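None of these values were measured; they are calculated from a predicted model. Numbers here simply count residues along the sequence, with the first being 1. These values consider heavy atoms only, across backbone and side chains, with no hydrogens, waters or symmetry-generated copies.
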Amino acid sequence: MAGRTPVLILAPLLWILVGPPVTAAPAPQETVDTWLEERGLDRLRMHALRARVADRSLREDQRERFTEQLLAVYRKWLAEAPDPAFREELTELIGLILEEISVVQGDPIRLDLYTSEWRALITSGLNDLLLRRGEEVDDEVLLASMLELSDRIDELLRRTTTRSRRANQELREAQGAEVLRRTRSFDELEDTLRKLRSLSGWVHAYLGWFTDDVAHANVAQRMFASLLSSDGSPFAVPSDDEVSVQRRSEDWYAELIIGMAIAQAPEASFATVEAWLDLLAIESASESARRQVPFYRLALLLGGDDPDRFREAERLLGELGPAASSDCLRLACIEALVHAEDDP
């Protein structure tokens, strides 16, 4: 396969770079690791580190150090989202190492892994299903994958929430030099919680939208509300005037507003859904999020049961004019054809 080092060539390279198992100080291996890192040879470095971690003759402190380095390489590759075939290979390798390390040590890469899986579902599955691209998209398999992913995300969210509460209690009891260390630990957990709530919200929002399941929609609303509301409450859905105007300029925050609109769809009127999207109409709102609004506005409108939805869709497309994206036009045509078949 293009871009891959053949296995028969890779094996002797790894033997040269890794060398036979040793119990002495790891300085030569660390020199090789630094050499690979400086030259951006992350893929070869990943395989070399994997071989070192598997070396049972290493001392425990050496294995932990190599494991941390390997996890850092894995996280970098996941963030860069390489080709699907390599992503599948990477996921298998991550699964193997997660079996060998503690839950706490593995949870940060689980977050990266789940985020990568969600990104892949959105780009290659859910959008294709929504826009009826190709015949290979199996909606039942896709929804089952989403549900299974949501279970894993929520389990990770529960564990991280428990650790965050414990860290908060430890911070309150800390004194002297311990305050700084425990503050840093607590802040890191809170940042992880923000990412997990956002990820959980998006997965549950799409599940609620695609299955018309209010339970999933309500979970998504709570997740998004905990990030959007002024007091951080995870239970009260904020009203429009409680959503920060200033923070709407931030991409992640503005996209949460779109997520909230999706989460409202299964049980709220389109007027309520549209009110959330209208929060991004201000000029200071994130440009990236504003570009997404027309498509979601049209998709949520046509996916509802408003008897005037096609007339309203025609009006929206007219307002967009030449700025209407090809996805917007395709979606409108598909829904019109489906409606014509159901009600000729």
Note: [X]-[Y] ion pair, threshold 4.0 Å (strictly below):
X	Y	result
R194	D191	yes
E319	R315	yes
R330	D327	no

When clusters are formed by joining ILVMFWY residues with side-chain heavy atoms under 4.5 Å apart, either directly or through shared neighbours, do [X] and [Y] land in the same one?
X	Y	result
V245	F224	no
L157	F186	no
I122	L113	yes
L143	V214	no

Sub-4.5 Å side-chain heavy-atom contact between [X] and [Y]:
X	Y	result
L279	M260	no
L298	L317	yes
I258	W202	yes
Q264	F270	no
R166	R163	yes
R165	L189	no
Y253	V243	yes
S288	E255	yes

Side-chain ([X]) to main-chain ([Y]) donor-acceptor, under 3.5 angstrom:
X	Y	answer
S164	T160	no
Q221	A263	yes
S116	D112	no
S249	Q246	yes
S150	L147	yes
S185	R181	no
R182	R172	no
Y114	L156	no
S200	L196	no

Take W276 and L228 through the side chain to side chain contact (heavy atoms under 4.5 Å, CB included) test and state the conclusion after the steps. CA-CA 12 Å; W276 280 97; L228 288 169; 4.2 Å; yes
Which atom names give the shortest non-hydrogen contact between [X] and [Y], and what distance separates them?
X	Y	result
G208	H216	N-CB, 3.7 Å
F295	C328	CA-SG, 3.6 Å
L302	A332	CD1-CA, 3.9 Å
R248	S244	CG-O, 3.0 Å
S286	D251	OG-OD1, 2.5 Å
S145	L121	CB-CD2, 4.3 Å

Sole candidate of R159, R152, K195 that passes salt bridge (charged side-chain N to carboxylate O under 4.0 Å, His left out) when paired with D107: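 For D107, the salt bridge (charged side-chain N to carboxylate O under 4.0 Å, His left out) test succeeds with only one of R159, R152, K195, which is R159.
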How long is the straight-line distance from [atom2] of [Y] back to [atom1] of [X], given to the nearest 0.5 Å?
X	Y	atom1	atom2	value
H204	N218	NE2	CG	11.0 Å
E188	L193	CD	CG	12.5 Å
T192	R110	OG1	CZ	13.5 Å
E287	L280	CD	CG	11.0 Å
E190	T161	CD	OG1	8.5 Å
Q292	L277	CD	CG	11.0 Å

Check whether more than 12 heavy atoms from other residues, nucleotides or ligands sit under 6.0 Å from atom CD of E173, and answer yes or no.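 For E173, atom CD is crowded (more than 12 foreign heavy atoms under 6.0 Å).
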Any residue meeting side-chain hydrogen bond (donor to acceptor under 3.5 Å, both in side chains) with E314, in chain and number order, not counting sequence neighbours: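 Checked E314 against side-chain hydrogen bond (donor to acceptor under 3.5 Å, both in side chains); zero matches.
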The criterion is salt bridge (Lys or Arg N to Asp or Glu O under 4.0 Å); which residues satisfy it with R311, sequence neighbours excluded?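 Testing R311 for salt bridge (Lys or Arg N to Asp or Glu O under 4.0 Å), a comparison that skips the adjacent residues, returns D308.
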Quick one: sort the Y206 and W118 rings into parallel, tilted or perpendicular, breaks at 30° and 60°.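 Perpendicular, since the angle between the ring planes exceeds 60°.
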